[in-house]
Amino acid sequence: WHSLDSLADLAGVDGLEELICNGMSFGSLDGGERLTDLERLTLHASDGGANIDLSPLLQIPKLNTLTLSENLRPAAESALFGASFAIVYE
């Protein structure tokens, strides 16, 4: 895969605990709440990530670690303030 319309596209994958997305484009991060087993998520945006809305990630029920590319830091700092999960930048 090189792109996903949304995280909801992966909702049918049972037992998905870790997802690593390197160099992918996302139409939307909506649907994260349907990834009920996801604990670790890595997003390295290929398109700069300036316009991506990260706030849907707050709805992922078991997320405990979010790793983001450094270019997503501005988006994360505004959308994910007070998140209950750890945010790591690479």
Next on the checklist: Tell me the closest heavy-atom pair linking F85 and L63, and the distance in Å.
Outcome noted: CB-O, 3.4 Å

Checklist entry - Excluding sequence neighbours, so at least two apart, what forms side chain to side chain contact (heavy atoms under 4.5 Å, CB included) with A8? => result S6, R34

Next on the checklist: Among residues at least two apart in sequence or on other chains, which ones pass side-chain hydrogen bond (donor to acceptor under 3.5 Å, both in side chains) with D53?
Outcome noted: S55

Next on the checklist: Quick check on the hydrophobic clustering: are V13 and L7 connected, directly or via other members, by side-chain heavy-atom contacts under 4.5 Å?
Outcome noted: yes

Next on the checklist: Listing request: all salt bridge (Lys or Arg N to Asp or Glu O under 4.0 Å) pairs with a residue in residues 20-33, at least two apart in sequence or in separate chains.
Outcome noted: none

Checklist entry - Roughly how far, to the nearest 0.5 Å, is SG of C21 from CG of L41? => result 6.0 Å

Checklist entry - Is there side-chain contact between L66 and L54, with at least one heavy-atom pair below 4.5 Å? => result no

Item to check | Pairwise distance CG(L57) to CD1(I87) - rounded to 0.5 angstrom | outcome: 9.0 Å

Checklist outcome for this item: Quick note, side chain to side chain donor-acceptor pair (under 3.5 Å) partners involving residues 81-90, not counting sequence neighbours, are H44-E90

Item to check | From OG1 (T36) to CG (L38), nearest 0.5 Å | outcome: 9.0 Å

List the atom pairs, donor and acceptor, that lie under 3.5 Å between side-chain atoms in residues 72-80 and the rest of the protein, sequence neighbours left out.
from, atom 1, to, atom 2, distance (Å)
R73, NE, E70, OE2, 2.5
R73, NH2, E70, OE1, 3.3
R73, NH2, E70, OE2, 3.4
S78, OG, A75, O, 3.2

Checklist outcome for this item: Across all chains, not counting sequence neighbours, the side chain to side chain contact (heavy atoms under 4.5 Å, CB included) partners of T65 are R40, T67, V88

Item to check | Nearest-0.5 Å distance that lies between atom CD in E39 and atom CD in E17 | outcome: 5.0 Å

Checklist entry - Would you call L29 and L43 a side-chain contact if the rule is heavy atoms closer than 4.5 Å? => result yes

